[in-house]
Amino acid sequence: MTLTIEHLGQWQRTHNCGSLTREHTGEKVLIMGWVLRRRDHGGLIFVDLRDRWGITQVVFNPERDSGSHQKAEDLRSEYVIAVRGEVIGRPQGMVNRELPTGEIEVLVDDLRILNSSLTPPFAIDEREGPEVAENVRLKYRYLDLRRQSLRDNMVLRSLVSKWVRDYFYSEGFLEIETPFLTKSTPEGARDYLVPSRVSPGRFYALPQSPQLFKQLLMVSGYDRYFQIVHCFRDEDLRADRQPEFTQIDVEMSFITRDCLFGLMEGLMADIFPRALGIDVQRPFPRLTYSESMARFGLDRPDTRFAMELVDLTGPLGRSDARLFVDTVDGGGVIKGLNVKGQESMSRRELDDLTEFVSIYGARGLAWFKGAQDGWKSPLAKYIDDDLRGEIAQAADFSDGDLLLVIAGSEDLVNESLGQLRVHLAQRLGLIPEDQYHFLWVVDFPLFEYDKDAGRFNSMHHPFTSPLEEDIPLLATDPGKVRARAYDMVLNGAEIGGGSIRIHREDVQSRIFKLLNIGPEEAREKFGFLLDALQYGAPPHGGIAFGLDRILMILTGAESIRDVIPFPKTQRATCLLTDAPSPVDPDQLVELGIRLRK
RNA sequence: GGGGUCGUAGUUAAGUCGGUUAUAACGCCGGCCUGUCACGCCGGAGGCCGCGGGUUCGAGUCCCGUCGACCCCGCCA
């Protein structure tokens, strides 16, 4: 016999599937949802009915209504149904403590089957089995989104957006939209381009961020702007990077850095307690970029554990080990990591660590084990007792400890040792997962030197203001100039970054010149900004947070894809829609585009 | 552009040194079952071993190529 799909008719929901409790006992209710699971006892049929609010057990009893009981025999997973019935308290001993609605069930008087469903390729009930391969989940994303863990993430995402809006509105901010079809700018990430039909051969770019528009809004006097906005960058993906992602974008006029910090700390102190029930200590600690690099090797330090980097350039540079001496002669540095109590680490494990740091260009990883009968290390014989004493003191190195050492250029040593620090902490379980360490990293360099191109690039972006006391250095030693730029860091992840901007045209032009952007190029690319700066641009600055990254931390997600409803694969494709896809040749003709073979 | 992990029923996995009919669990289908809640019991169906080529008497297994998912380096102002 064939299944009959029924119309909804005049039926209206009285409750959702998460709302019924013991207090509703005896009430006639009408609920609708998806069949999560059917348990057919021949006589009784139980159905776990699911919607986005929860799960309610409904019972079909032939003695109550034989018609609906008979229809219920045809129900399968993910059929869409509506049931009318009575809320009854569950009999003694049959309460389900796992469910918020577990004290009651709905005894069905009438059933309408609103839609059938193919058997889903994977169980919607996540208790069913192990994790499903991600390509299957992405192809059937609409089914994956039905599952509890993804749904929880989407619900939190919605709430966080609302809390952000509430916070900024209460602080007097305006939410203003900026264009998605805009002008390509040369700096920064690769642009996503959109061809113009009306102007053949010309292209819009999707914004990497609303940076210039929010600065223009400050010139317009729309002090205290924010926006929750999509941004686009055509770069390769990572576990925490998608080609389109969401920023909480903020800009303010007439502010000091400290004023902005206070407001943004307030935002975090609003969101995190709501989401996680934790306290957020304010003010956040501040670390200069150079201190962060020296102590943690990275510009986004995870301060939930110690194991800081130790500079051993002095003592090891005076040792008899050729490697170390040569490094110092070549202007390099030698730094170490004291891994407390890991003296027993095996050769095999040390090889793994050596391989790990080689990813970041480290040529090798020297190790010293502290034992009662002296140091154990292939290099021990090159280091005399005086130097050992010096090193032991500098690194707090004693019996039972493992000292890992890397020599090379400062950048390389910091990067590889900083990554190793985090890697080891994860492996050794040194990270307290229930802690949330916010901090600011400040005073970034304004420029970084591009060896290949032989010129300076902006570290943040070209509109970042230098520290006032460093402005004279622009003429003499640009590499030393510090920027009024800052990052907010949480548990070793950069969750936001910003700067006080340049608001004077003369300073902006000077920076462009240092960046090798000539006056003509500057005019062509940023002329509108340079013009605007000459019409009474106020001092201003701002910040942008990565909403997706914040959500990753709030949800404990390992992949950014788990906090985005419809994410893309690592090759930036969408397995659900099969985008990107070829287009009709007529569309290309209309755009004046011919594909190269 | 580069390095790595993986790809076997719908799903998750096993598959030895290359050997005869490719296993299991869950799911699915049929039957039984009035208190289950990841129900239970009995029975059944289900495979382009990602794809293409090669080696071999013989390939899920070895080799080459290719496609796809994931992680990382480069890249990401």
Side-chain angles (χ1 to χ4, degrees), chain A residues 36-49 55-64 69 73 76-78 88 90-99 101-102 105 107 118-140 143 185-191 208-209 211-212 231-243 245 355-361 415-416 419 423 444-448 450 452 456-464 483 485 494 497-499 511 515 517 544 546 558-559 561 568-571 573 575:
Chain A
L36 180 67
R37 198 169 269 285
R38 184 189 64 132
R39 291 177 293 279
D40 185 348
H41 287 237
L44 291 177
I45 296 173
F46 299 93
V47 165
D48 291 337
L49 193 61
I55 296 167
T56 297
Q57 174 166 285
V58 300
V59 190
F60 298 89
N61 188 329
E63 291 166 13
R64 176 82 171 201
H69 177 268
E73 301 203 351
R76 295 293 182 270
S77 290
E78 299 308 304
I88 56 172
R90 298 229 192 153
Q92 196 76 35
M94 286 156 203
V95 169
N96 185 344
R97 302 276 167 212
E98 307 282 305
L99 286 181
T101 60
E105 60 196 7
L107 185 56
L118 297 174
T119 301
F122 50 84
I124 306 303
D125 190 343
E126 286 171 282
R127 296 168 300 180
E128 184 68 45
E131 281 196 28
V132 178
E134 198 166 3
N135 53 344
V136 180
R137 292 173 48 203
L138 288 173
K139 181 176 177 188
Y140 299 95
L143 298 181
T185 52
E187 300 273 328
R190 203 175 287 115
D191 284 322
Q208 298 173 26
S209 87
Q211 182 59 36
L212 292 172
C231 301
F232 307 86
R233 293 179 189 175
D234 186 4
E235 297 292 348
D236 288 336
L237 284 73
R238 288 286 187 282
D240 62 351
R241 270 168 27 195
Q242 282 272 302
F245 59 100
E355 199 184 324
F356 176 81
V357 295
S358 75
I359 297 171
Y360 304 98
E415 165 86 359
S416 48
Q419 298 281 5
H423 177 73
F444 279 79
L446 187 61
F447 304 115
E448 55 191 348
D450 183 339
D452 299 335
F456 287 104
N457 279 328
S458 291
M459 192 154 181
H460 187 53
H461 58 53
F463 321 108
T464 303
E494 179 204 329
S499 62
I511 297 292
L515 291 170
I517 301 175
E558 279 176 24
S559 161
R561 295 180 297 280
K568 294 190 170 50
T569 67
Q570 191 172 51
R571 288 182 61 254
T573 65
L575 297 181

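A note on names: the letters A, B, ... follow the listed sequences, proteins ahead of strands, and every chain is numbered from 1.
For the P atoms, the distance from rG43(B) to rG58(B) is 40 Å, rounded to whole Å. A gap of 9 Å separates the C1' atoms of rG10(B) and rG46(B), to the nearest Å. To the nearest whole angstrom, the two C1' atoms, one in rA13(B) and one in rC6(B), are 13 Å apart. For the P atom pair drawn from rG47(B) and rA24(B), the interatomic distance equals 15 Å after rounding to whole Å. rC72(B) and rU55(B) have their P atoms separated by 40 Å, given to the nearest Å. Distance check on atom C1': rG60(B) versus rC17(B) gives 15 Å, rounded to whole Å. The same atom, P, is picked in rG1(B) and in rC63(B); the two are 25 Å apart, to the nearest Å. Only the P atoms considered, rU23(B) is 15 Å distant from rG15(B), to the nearest whole Å.
Nucleic acid contact class of Glu415(A) (heavy atoms, under 4.0 Å, all strands): none. Here Glu131(A) lies in heavy-atom contact (under 4.0 Å) with sugar-phosphate atoms only. Contacts of Gln208(A) with the nucleic acid, taken as non-hydrogen atoms under 4.0 Å apart, are absent. Among the protein residues, Pro130(A) comes within range of the sugar-phosphate backbone only, with heavy atoms under 4.0 Å from sugar or phosphate atoms but none that close to a base. Among the atoms of the strands shown, base atoms are found under 4.0 Å from some heavy atom of Pro91(A). Contacts of Ser209(A) with the nucleic acid, taken as non-hydrogen atoms under 4.0 Å apart, include base atoms. Counting any heavy atom pair closer than 4.0 Å across all strands shown, Ser416(A) reaches no nucleic acid atom.
Between Arg190(A) and rC75(B) there is no side-chain N or O to OP1 or OP2 distance below 4.0 Å. For the OP1/OP2 pair of rC29(B) and a distance below 4.0 Å, the side-chain nitrogens and oxygens of Arg76(A) include at least one atom meeting the criterion. Dashed line: the shortest gap from a side-chain N or O of Arg238(A) to OP1 or OP2 of rC73(B) is under 4.0 Å. Residue Arg39(A) has no polar side-chain atom (N or O) positioned under 4.0 Å from OP1 or OP2 of rU36(B). Phosphate proximity of rA69(B) to Thr573(A): present, with a side-chain N or O under 4.0 Å from OP1 or OP2. Contact check, Arg561(A) against rC71(B): a side-chain N or O comes under 4.0 Å of OP1 or OP2. Look at Thr119(A) and you won't find any side-chain N or O under 4.0 angstrom from OP1 or OP2 of rC28(B). Residue Arg571(A) has a polar side-chain atom (N or O) positioned under 4.0 Å from OP1 or OP2 of rG68(B).
Between rC70(B), rU11(B), rG35(B), one nucleotide has an atom nearer to the side chain of Gln570(A) than all others, and that is rC70(B). Taking only side-chain atoms of Thr569(A), from C-beta outward, the nucleotide of rC26(B), rU11(B), rC70(B) with the closest atom is rC70(B). The side chain of Arg241(A) lies closest to rC76(B) when the candidates are rU12(B), rU36(B), rC76(B).
With rounding to whole Å, Tyr360(A) atom OH is found 17 Å from rG3(B) atom P.
Aromatic stacking of His41(A) on rU36(B): not satisfied for centres closer than 5.5 Å together with planes under 30 degrees. Judged by centroid separation below 5.5 Å and plane tilt below 30°, Phe122(A) does not stack onto the base of rU11(B).
Counting non-hydrogen atoms of other residues, nucleotides and ligands closer than 6.0 Å to CD of Glu355(A) gives a total of 12 or fewer. Dense packing is recorded around CZ of Phe232(A), with more than 12 heavy atoms of other residues, nucleotides or ligands lying under 6.0 Å away.
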